[in-house]
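To start, the structure itself, in structure tokens.
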Protein chains: 2
Amino acid sequence: MPDDAQVTRRPGGRTAHTRERVLSAVAAILTEEGFDAVSVDAVAARSRVHRTTVYRRWRDPGGLLADALDAAREQAWEPPDTGSLRGDLTAVNAQVIEALTGRPPVTTALIAASFRSPAAAHALRAFWEDRYARAAVVVTRAIARGDAAPDADPRAVLVAATAPLFHELALMRAPAAPGLAERYAALAAAAALGG
Amino acid sequence: MPDDAQVTRRPGGRTAHTRERVLSAVAAILTEEGFDAVSVDAVAARSRVHRTTVYRRWRDPGGLLADALDAAREQAWEPPDTGSLRGDLTAVNAQVIEALTGRPPVTTALIAASFRSPAAAHALRAFWEDRYARAAVVVTRAIARGDAAPDADPRAVLVAATAPLFHELALMRAPAAPGLAERYAALAAAAALGG
DNA sequence: TCGTTAATGCTACATCCGTCGCGTTAACGA
DNA sequence: TCGTTAACGCGACGGATGTAGCATTAACGA
């Protein structure tokens with residue numbers, strides 16, 4: 001088996017079409033039946049791509065979900081700018097809540113898959129690190145405005161605002177209570193001001 | 001099949017002994033091989049309890065882990081009292097970090113199992129709700145001391161302090177950086193003071 | 001102590017999951 | 001256009017997982 005450095009990939013026509021069919025099947029199954037139903041066999045049947053192909057290219061459900069996340073990430077994300085740190089964090093939190101409660105439930109599926117699939121774990125972490133890095137500007141803007149202490153750590157503030165949502169919604173499986181986005185955004189904004 | 005209301009259970013000798021052997025095997029496998037290795041077959045083999053019995057009583061790995069958590073919970077937990085909210089939250093966080101990084105990795109195993117097993121999901125949520133309820137006193141003490149605003153929500157403060165640890169360590173699989181317990185404890189304590 | 005039956009062990013079975021080796025199709029660059 | 005071979009499809013296989021029905025053991029209360 002030649003290693004990757006010596007193989008010329010064929011990303012064109014058929015291969016791209018196969019990927020599209022498979023990822024479309026993943027999204028459909030996720031939306032209609034939830035993440036437990038995303039298996040290689042189910043995706044293969046739905047997409048009419050042979051199951052051996054799915055195993056070879058994606059390895060397991062986590063690989064499928066990670067690729068679905070990659071495909072969705074092709075659209076650039078920019079953090080909100082509402083004029084206040086509290087407003088920005090509330091808006092970020094609203095997006096997290098939408099991701100955790102909306103359809104298709106990609107984030108929850110990836111979290112679940114991440115415990116069994118290195119590909120899913122890696123995709124999830126990279127996604128979140130990217131989001132936190134991009135969102136850091138909401139804290140640096142707040143510092144410039146005097147809305148946050150000069151020594152406030154942007155990443156820690158963002159994690160403090162968003163992590164409770166993952167904990168409450170994904171891990172504790174609580175319903176999304178009204179005001180949830182605002183509650184932890186307000187606490188994180190107050191923390192950023194207090195140092 | 002008579003329903004549960006009409007069945008007289010036999011919790012004695014053999015049944016208790018079976019449970020003990022099984023839960024001991026769960027702990028051993030978790031400690032030595034990690035949560036992926038906790039399967040019904042592995043536990044059955046290790047404990048010398050027949051696999052059918054394990055399926056019938058515990059249903060799946062999640063059920064085994066949930067029962068392991070129940071057994072461990074028979075020791076009462078009390079929140080720390082260090083004299084300051086920041087200190088208390090730091091101590092609580094240190095315990096969460098120990099649970100997430102120490103051996104046996106019960107919490108991480110339960111989180112993983114909770115996506116496939118209602119019993120695990122339920123046990124995890126009940127455990128955390130109990131912990132948050134018991135720990136609420138650290139915030140009410142802080143309010144009485146003037147260490148926190150009178151309108152600080154104890155549960156939200158506790159979630160804000162601890163959730164980042166689950167996010168960083170369990171979901172993002174980051175290493176436990178030095179000062180992690182203190183960092184999010186300090187932010188939550190500042191948030192509690194700022195309202 | 002005895003009768004009832006919950007709890008357990010055993011064997012067999014079906015389905016799902018993952019892999020293998022071979023044949024076929026089609027994506028490339030020359 | 002042609003040759004090479006990556007990508008895909010197919011059928012077969014073995015192991016893991018979960019269930020069903022029957023037999024055996026032992027936990028209860030009377």
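Convention: sequence-line order gives letters A, B, ...; per-chain numbering from 1.
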If D:dC28 has a Watson-Crick or G-U wobble mate with both distances under 3.5 Å, name it; if not, just say none. C:dG3
So which one's nearest nucleotide on DNA chain C is more toward 5', B:Thr18 or A:Asp60? B:Thr18
Could you check whether the side chain of A:Thr52 and the base of D:dC8 have a donor-acceptor pair of N or O atoms closer than 3.5 Å, going by distance alone? no
With hydrogens left out and only the distance checked, is there a donor-acceptor pair under 3.5 Å joining A:Arg56's side chain and the base of C:dG18? no
Minimum-distance nucleotide to A:Arg51 side chain [options: D:dA20, D:dA12, D:dT17]: D:dA12
Heavy-atom check, side chain of A:Leu124 versus side chain of B:Leu171, under 4.5 Å: no
Quick check: does any side chain N or O of [X] sit under 3.5 Å from a backbone N or O of [Y], one acting as donor and the other as acceptor?
X: B:Asp88; Y: B:Thr82; answer: yes
X: B:Thr15; Y: B:Arg10; answer: yes
X: A:Arg134; Y: A:Glu78; answer: no

Phosphate oxygens OP1/OP2 of D:dG9: is one of them under 4.0 Å from a side-chain N or O of A:Thr53? yes
Ignoring backbone atoms, test whether B:His50 places a side-chain nitrogen or oxygen under 4.0 Å from the OP1 or OP2 oxygen of C:dT8. no
Please state how far atom [atom1] in [X] lies from atom [atom2] in [N], giving the value in whole angstrom units.
X: A:Asp41; N: C:dT19; atom1: CG; atom2: C1'; answer: 13 Å
X: A:His17; N: C:dT25; atom1: NE2; atom2: P; answer: 18 Å
X: B:Trp58; N: D:dT17; atom1: CH2; atom2: P; answer: 18 Å
X: A:Tyr55; N: D:dG11; atom1: OH; atom2: P; answer: 17 Å

Applied to residues 168-192 of chain B, the side-chain hydrogen bond (donor to acceptor under 3.5 Å, both in side chains) test, sequence neighbours excluded, yields A:Ser114-B:Arg173, A:Arg155-B:Glu168, B:Arg86-B:Glu182, B:Thr90-B:Glu182, B:Glu168-B:Tyr184
Qualifying side-chain hydrogen bond (donor to acceptor under 3.5 Å, both in side chains) pairs, either residue in residues 24-38 of chain B, two or more places apart: B:Glu32-B:Arg46
Do the rings of A:Phe166 and B:His167 sit parallel, tilted or perpendicular, given the 30° and 60° boundaries? parallel
Between B:Arg59 and A:Arg57, the residue closer to the 5' end of DNA chain D by nearest nucleotide is A:Arg57
Mind checking if B:Val40 touches a base, just sugar-phosphate, or nothing, with heavy atoms under 4.0 Å? nothing
What N/O pairs connect the protein and nucleotides 26-30 of chain D at under 3.5 Å? Give each pair on its own line.
| residue | atom | partner | partner atom | Å |
| --- | --- | --- | --- | --- |
| D:dA27 | OP1 | B:Arg14 | N | 2.8 |
| D:dA27 | N3 | B:Arg10 | NH1 | 2.9 |
| D:dC28 | OP1 | B:Pro11 | N | 2.6 |
| D:dC28 | OP1 | B:Gly12 | N | 2.4 |

